[in-house]
Amino acid sequence: MSFIQPDGENTFSELLATRFDIHLGATLVGIVSLLLLIAWDKTVLKKIPVPAPLVVVLLGIGAVMLLEPRTELWSIGVSHLVQVPTSDGLGGLFRSLPNPDLSAMLTSGVMLAAITIAIVATLETLLNLEAVDKLDHQQRVSPPNRELVAQGAGNIVAGFLGGLPMTSVIVRSSVNIAAGGQTRLSCFIHGVFLLTTVAFFPWLLNRIPLSCLAAILMYTGFKLAGPATFKKMWVAGKQQFMPFVLTVIAIIATDLLIGILIGMVIAVGFILYGNMRRPLSQVVERHVGGDLTRVKLANQVTFLNKASLMETLHQVPGDTHLVLDATETTHIDPDIIDLISDF
């Protein structure tokens with residue numbers, strides 16, 4: 001949730017503090033699951049028409065049953081398994097849901113939490129939509145407004161039912177695409193499967209080892225943001241690489257919301273800096289009738305570029321033809337128009 005934990009440890013010191021606290025059974029399942037996921041993409045196993053994460057989960061359940069009679073070091077206990085509340089069918093599931101206290105709806109604490117969750121969920125969904133569109137083999141573009149309206153409506157209903165807010169998640173979406181999902185129906189079917197298993201088969205979900213799910217998350221995350229992604233951002237230049245790396249560091253050192261907000265501020269800073277430094281390009285063309293100086297304006301020319309443009313215009317030699325090229329410019333501030341007119 002955040003870098004500093006309530007017990008005083010942080011994300012990295014906790015790893016060192018628990019270096020000897022290793023459960024052999026859970027560790028074995030996690031390592032085997034991770035190796036299987038890697039092998040699935042690299043070998044003939046990828047030709048099997050079954051999603052690799054599903055196979056990993058099923059094998060994880062089998063491993064729990066196999067290791068159950070073993071010693072405590074190998075037997076995977078409840079603390080290392082998924083824990084879904086058990087209920088007597090769909091009716092029992094709805095009866096077990098907590099009733100929301102509507103009198104607390106307009107309190108400052110609830111309002112602040114609601115706004116925070118709305119911002120985080122919106123940002124995460126928009127980022128996820130962009131990532132999923134890049135993964136789509138048909139290169140379609142998802143409508144963000146419809147996605148956010150659906151998510152907001154769903155979260156309102158979930159809240160009145162006593163449920164938690166939901167958001168679009170890249171892990172689920174990418175696994176869905178890898179499994180062959182191509183339309184919105186795959187998302188609906190996914191929801192039906194979740195509801196069905198939680199209502200009628202919670203005992204089966206409670207046999208899934210957490211280390212098995214951790215392996216799926218690690219492998220999916222590595223594929224989405226592996227060394228190739230960092231290399232791509234590095235090749236794109238400092239303007240792309242620095243905000244990217246600083247945002248990653250900010251998220252790790254704080255939490256998701258604060259990290260993304262810091263990343264947005266850094267990105268805006270780089271954009272403003274880039275606009276101030278490179279609002280235009282200047283080329284001198286040699287012609288028979290004399291030299292021609294072509295000043296090509298940027299896509300956005302704002303008041304931030306005024307000083308740079310003024311300096312460039314006054315440095316143009318007096319015995320040359322001057323062309324101000326704004327063919328690719330979509331916006332020019334009135335201040336810039338006045339500056340050009342005065343010149």
Side-chain angles (χ1 to χ4, degrees), residues 41 46 49 51-53 115 117-158 165-194 216-217 219-237 239-248 250-251 256-257 259-272 274-275 298-302 327-331:
D41 279 348
K46 63 181 178 182
I115 293 171
I117 291 171
I119 293 172
V120 173
T122 300
L123 289 173
E124 188 171 348
T125 295
L126 292 175
L127 292 170
N128 179 59
L129 274 185
E130 185 177 352
V132 170
D133 286 345
K134 291 179 181 178
L135 295 175
D136 181 24
H137 302 299
Q138 301 180 40
Q139 296 299 301
R140 293 167 293 183
V141 178
S142 305
N145 286 339
R146 183 169 63 189
E147 178 73 20
L148 292 178
V149 169
Q151 178 178 292
N155 282 344
I156 291 172
V157 174
M166 55 190 173
T167 178
S168 179
V169 180
I170 187 59
V171 175
R172 278 204 310 266
S173 303
S174 59
V175 170
N176 214 349
I177 291 173
Q182 298 183 19
T183 67
R184 286 173 294 180
L185 187 61
S186 62
C187 180
F188 178 77
I189 293 173
H190 193 165
V192 171
F193 279 148
L194 281 174
I216 296 173
L217 282 171
Y219 185 66
T220 304
F222 182 80
K223 288 203 299 183
L224 291 170
T229 303
F230 283 80
K231 183 180 178 181
K232 179 182 176 182
M233 300 304 291
W234 173 262
V235 171
Q239 291 282 103
Q240 296 291 323
F241 183 74
M242 290 304 294
F244 170 71
V245 170
L246 292 174
T247 301
V248 171
I251 290 173
L256 183 64
L257 175 62
I260 289 178
L261 293 177
I262 291 173
M264 290 175 66
V265 171
I266 293 172
V268 169
F270 269 87
I271 290 170
L272 294 176
N275 282 342
N299 181 262
Q300 301 279 334
V301 186
T302 67
T327 52
E328 296 183 7
T329 303
T330 59
H331 173 76

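Values reported hereafter were calculated over all heavy atoms of this structure, with side chains retained and with hydrogens, waters and symmetry mates removed.
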Novice: Quick check for you: to the nearest 0.5 Å, what is the distance between Leu127 atom CG and Thr122 atom OG1?
Specialist: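 Reported value, rounded in 0.5 Å steps: 10.5 Å.
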Novice: Would Phe244 and Phe230 count as a side chain to side chain contact (heavy atoms under 4.5 Å, CB included) if you check the C-alpha gap in whole Å, the side-chain angles of each, and the deciding distance to 0.1 Å?
Specialist: CA-CA 9 Å; Phe244 170 71; Phe230 283 80; 3.5 Å; yes
Novice: Look at the side chain of Gln239 and the backbone N and O of Phe270, then say whether any donor-acceptor pair between them is shorter than 3.5 Å.
Specialist: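 Here the side-chain-to-backbone pair exists.
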Novice: Please name the pair of heavy atoms, one in Ile262 and one in Ala250, separated by the smallest distance, quoted to 0.1 Å.
Specialist: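 Nearest pair, atom of Ile262 first, then Ala250: CG2-CB, 3.8 Å.
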Novice: Do you know the tightest heavy-atom contact between Ala298 and Thr329?
Specialist: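 Where Ala298 meets Thr329 most closely, the heavy atoms are O-OG1, 2.7 Å.
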Novice: Restricting to non-hydrogen atoms, name the atom on Leu129 and the atom on Ser142 that form the minimum distance, rounded to 0.1 Å.
Specialist: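 Shortest heavy-atom contact: CD2-CB, 3.5 Å.
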Novice: Within the structure provided, determine whether Ile251 and Ile260 are in side-chain contact (heavy-atom separation under 4.5 Å).
Specialist: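 Contact flag for Ile251/Ile260 side chains = yes.
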Novice: Atom OG1 in Thr247, atom CG in Leu261: separation rounded to 0.5 Å?
Specialist: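 Between atom OG1 of Thr247 and atom CG of Leu261 there are 10.5 Å.
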Novice: For atom CE of Met264, decide whether the heavy atoms of other residues, nucleotides or ligands shown that lie under 6.0 angstrom number more than 12.
Specialist: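 Result for CE/Met264: open.
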Novice: For Ser174 and Leu135, work out which heavy atoms get closest and say how close.
Specialist: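 For Ser174 and Leu135, the tightest heavy-atom pair comes out as CB-CD1, 3.8 Å.
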Novice: What are the two closest heavy atoms between Pro243 and Ile266, and how far apart are they?
Specialist: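 Closest approach of Pro243 to Ile266, heavy atoms only: CA-CG2, 3.9 Å.
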Novice: Roughly how far apart are Gln138 CD and Thr183 OG1, rounded to 0.5 Å?
Specialist: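 Between atom CD of Gln138 and atom OG1 of Thr183 there are 9.5 Å.
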Novice: When you look at CD of Glu328, are more than 12 heavy atoms from neighbouring residues, nucleotides or ligands closer to it than 6.0 Å?
Specialist: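 Not more than 12 within 6.0 Å, no.
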Novice: Could you measure the distance from the OG1 atom of Thr125 to the CE atom of Met166? Nearest 0.5 Å is fine.
Specialist: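 Nearest 0.5 Å value for the OG1-CE distance: 9.5 Å.
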Novice: Step through the shown structure and confirm whether more than 12 heavy atoms of other residues, nucleotides or ligands are within 6.0 Å of NE2 on His137.
Specialist: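 Not more than 12 within 6.0 Å, no.
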Novice: Around atom CZ of Arg184, are there more than 12 heavy atoms from other residues, nucleotides or ligands closer than 6.0 Å?
Specialist: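 No, not enclosed.
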Novice: Taking the side chain as every heavy atom from C-beta outward, state whether Ile117 and Thr167 have any pair of such atoms under 4.5 Å apart.
Specialist: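 With C-beta onward as the side chain, the pair stays apart.
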Novice: Supply the atom-to-atom distance Asn128 CG to Leu123 CG, rounded to the nearest 0.5 angstrom.
Specialist: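 CG of Leu123 is found 12.5 Å from CG of Asn128.
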Novice: Can you tell me how far the CZ atom of Phe222 sits from the OG1 atom of Thr229, to the nearest 0.5 Å?
Specialist: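 So the gap between those two atoms works out to 9.0 Å.
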Novice: State, with a plain yes or no, whether a side-chain heavy atom of Glu124 is found less than 4.5 Å away from one of Val169.
Specialist: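 Yes, close enough: below the 4.5 Å cut-off.
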Novice: If you look at every heavy atom in Ser168 and Gln151, which pair is closest and at what distance?
Specialist: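 Residues Ser168 and Gln151, closest heavy atoms: N-OE1, 3.5 Å.
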